[in-house]
Number of protein chains: 2
Amino acid sequence: MKTDLNENEDLSTQIAEAIRDAIIEGSLIVDQRLPSEAELCEKFDVGRSTVREALKRLAAQNLIRTQRGAAGGAFVNRMSFEEAYDQQITTSTLLLSMNRVDFETACEARYALERSCAPLSAQRRTPDQLATMRAEIHRQSQPGLTDEAFCASDVAFHRALVDGAGNPVLSYQLAGAVEAMQPLMNIITYTQRDRDRIVALHTRLADAIEGQDGDGADSTLSELAEYTVELGRNRLTSSKQS
Amino acid sequence: MKTDLNENEDLSTQIAEAIRDAIIEGSLIVDQRLPSEAELCEKFDVGRSTVREALKRLAAQNLIRTQRGAAGGAFVNRMSFEEAYDQQITTSTLLLSMNRVDFETACEARYALERSCAPLSAQRRTPDQLATMRAEIHRQSQPGLTDEAFCASDVAFHRALVDGAGNPVLSYQLAGAVEAMQPLMNIITYTQRDRDRIVALHTRLADAIEGQDGDGADSTLSELAEYTVELGRNRLTSSKQS
DNA sequence: ACTTTCTAATTGTCAGACATTTACTTGCCC
DNA sequence: GGGCAAGTAAATGTCTGACAATTAGAAAGT
């Protein structure tokens with residue numbers, strides 16, 4: 001681990017970067033214990049608060065975890081898919097909401113990515129995932145559902161579809177795209193007719209996935225994408241008029 | 001912003017979460033100044049170090065930035081695509097390297113995602129992006145290139161392809177998939193024959209993109225994916241034998 | 001052998017001090 | 001009045017020392 005710091009950033013930033021690089025580069029391996037705070041103070045020749053701030057930075061990125069007590073300390077954390085999901089979702093959500101990304105662009109990205117899962121999902125989906133999709137479709141067709149609940153169910157449906165590809169890396173990458181869209185989707189007010197149409201498309205999609213018809217799933221997703229963009233466009237137009 | 005904290009986590013974690021939630025929820029908007037450290041101490045009734053650790057956590061996630069001086073303080077940061085890229089790449093890289101994700105799975109995910117960009121890229125790529133692709137192909141065919149430089153050029157080529165879709169959200173999502181693969185790709189030792197084959201495929205890909213032939217690009221990518229998986233498989237087999 | 005107690009190591013938190021940076025004010029000179 | 005310089009105040013960055021809380025392991029006693 002490098003110990004010479006000469007940039008013009010904060011000391012805690014530099015120290016955090018030095019340790020992060022050591023983790024990425026592999027000289028600190030998973031579950032390995034970092035030197036104690038006191039030792040890091042000596043090694044980098046800084047005060048304890050500075051070291052602690054650096055460690056907190058790393059903890060915020062799930063790179064390390066800390067334990068108190070005698071055999072405690074900071075340990076290199078094995079980044080779990082769960083943690084990575086959450087980070088990805090937070091980042092994506094903020095990225096979309098803070099940069100005035102328009103609905104159409106986000107929608108295009110989301111469905112483009114999702115379509116890349118469809119053929120794999122048609123091939124590999126488990127009965128369990130198929131059942132989840134059916135269950136969500138059933139929920140979506142129940143009357144009296146709030147728009148938000150409908151949206152949440154939509155997300156669950158699409159996640160089941162994505163997970164059907166049986167590729168955790170794909171699931172991880174898609175988590176951001178699908179979940180981060182939810183706040184944008186929530187601007188849509190669904191009429192009963194909209195919902196009927198979406199449920200019909202979801203049903204066709206589930207049928208295709210069940211029948212291992214990759215092309216069918218792909219084209220249905222394509223239709224769904226088009227319809228969603230259209231809904232978003234109408235919503236924007238009507239809100240401008242009002 | 002909530003100020004009552006009663007969980008059993010660190011104080012700095014709780015405070016960071018409270019502020020983060022306020023940012024996500026929208027009660028703290030972009031470029032808004034947070035209360036000074038002293039004010040936050042009062043508000044949450046904790047010491048200054050605790051507040052500072054919380055702020056460093058947020059800074060590590062690019063949620064805030066800080067300025068020194070009289071009119072300084074912590075400000076809600078507009079998450080830039082650049083920052084989001086970097087975060088995504090770090091997270092993805094560590095996720096893959098720490099969870100023994102096998103080459104095949106990662107490769108499948110990467111090319112599946114990339115294929116979702118191909119048709120859009122064929123439609124919209126700028127001459128500039130096309131030129132980048134050609135330039136990288138040229139570099140790749142030069143003799144005496146190290147494996148690492150070849151890999152780097154490969155990444156640059158594929159990023160140009162992805163950027164060609166003209167959708168920043170897609171570029172962002174793909175950044176992780178493409179860049180995070182690089183360490184895994186680096187285990188491959190390319191023979192001259194491998195390189196020739198890859199350059200030929202890249203050329204076909206660039207031709208398809210130039211000719212706005214989405215299907216052609218898609219099928220070429222598919223071939224490239226297959227070939228890359230094969231290379232990885234051979235590499236693993238031979239390393240097991242040695 | 002088992003339980004209890006003690007001890008030491010380590011992180012979590014607080015308080016106070018000083019350094020550094022920076023915007024703004026004040027005062028002086030022209 | 002305008003411009004320049006010095007000073008001032010507010011804020012973050014850093015250091016030090018102290019104590020609290022937690023925990024593993026050693027020591028002691030039965």
Donor-acceptor pair (no angle test) under 3.5 Å: Arg68(B) side chain, dT20(C) base: yes
Between C1' of dA11(D) and CD of Glu42(B), the distance in whole Å: 15 Å
Contact residues, residues 57-66 of chain A to DNA chain C [heavy atom, < 4.0 Å]: Thr66(A)
Rounded distance in Å - CG (Leu40(B)) to P (dT13(C)): 15 Å
Protein-nucleotide distance (Glu37(A), atom CD; dT16(D), atom P), rounded to Å: 15 Å
Rounded distance in Å - CG (Asp10(A)) to C1' (dT12(D)): 9 Å
Parallel, tilted or perpendicular: rings of Phe81(A) and Tyr172(A) (30°, 60°): perpendicular
Sugar-phosphate, base or nothing in reach of Gly47(A), heavy atoms under 4.0 Å: sugar-phosphate
Rounded distance (Å) that lies between atom C1' of dC15(D) and atom CD1 of Ile15(A): 13 Å
Closest to side chain of Ser36(B), choosing from dC14(C), dT12(D), dT10(C): dT12(D)
Asn77(B)-Glu83(B) side chain donor-acceptor pair, cut-off 3.5 Å: yes
Residue mapping more 5' on DNA chain D - nearest nucleotide basis, Asp45(A) or Gly72(A): Asp45(A)
Distance below 4.0 Å between Arg33(A) side-chain N/O and dT10(C) OP1 or OP2: yes
Cation-pi check, Arg110(A) onto Phe103(A) ring (under 6.0 Å, within 45° of axis): no
Arg52(A) CZ - dT13(C) P separation (whole Å): 7 Å
Test item: Gln129(B) side-chain N/O and Thr126(B) main-chain N/O as donor-acceptor pair under 3.5 Å: yes
For atom CD of Glu53(A) and atom P of dT13(C), their distance in whole Å: 13 Å
Polar side-chain atom of Thr13(A) near backbone of Glu9(A) as donor-acceptor pair, under 3.5 Å: no
Side-chain N or O of Lys56(A) closer than 4.0 Å to phosphate OP1/OP2 of dG12(C): yes
Under-4.0 Å side-chain N/O to phosphate OP1/OP2 contact, Arg48(A) with dG12(C): no
Value in whole Å for how far the P atom of dT10(C) lies from CG of Leu34(A): 13 Å
Ring centres under 6.0 angstrom apart (His158(B), His202(B)): yes
Glu136(B) and Arg139(B) ion-paired at < 4.0 Å: yes
Sugar-phosphate only, base, or nothing, as touched by Ser49(B) at under 4.0 Å among non-hydrogen atoms: base
side-chain N/O Ser12(B) vs dG12(C) OP1/OP2, d < 4.0 Å: no
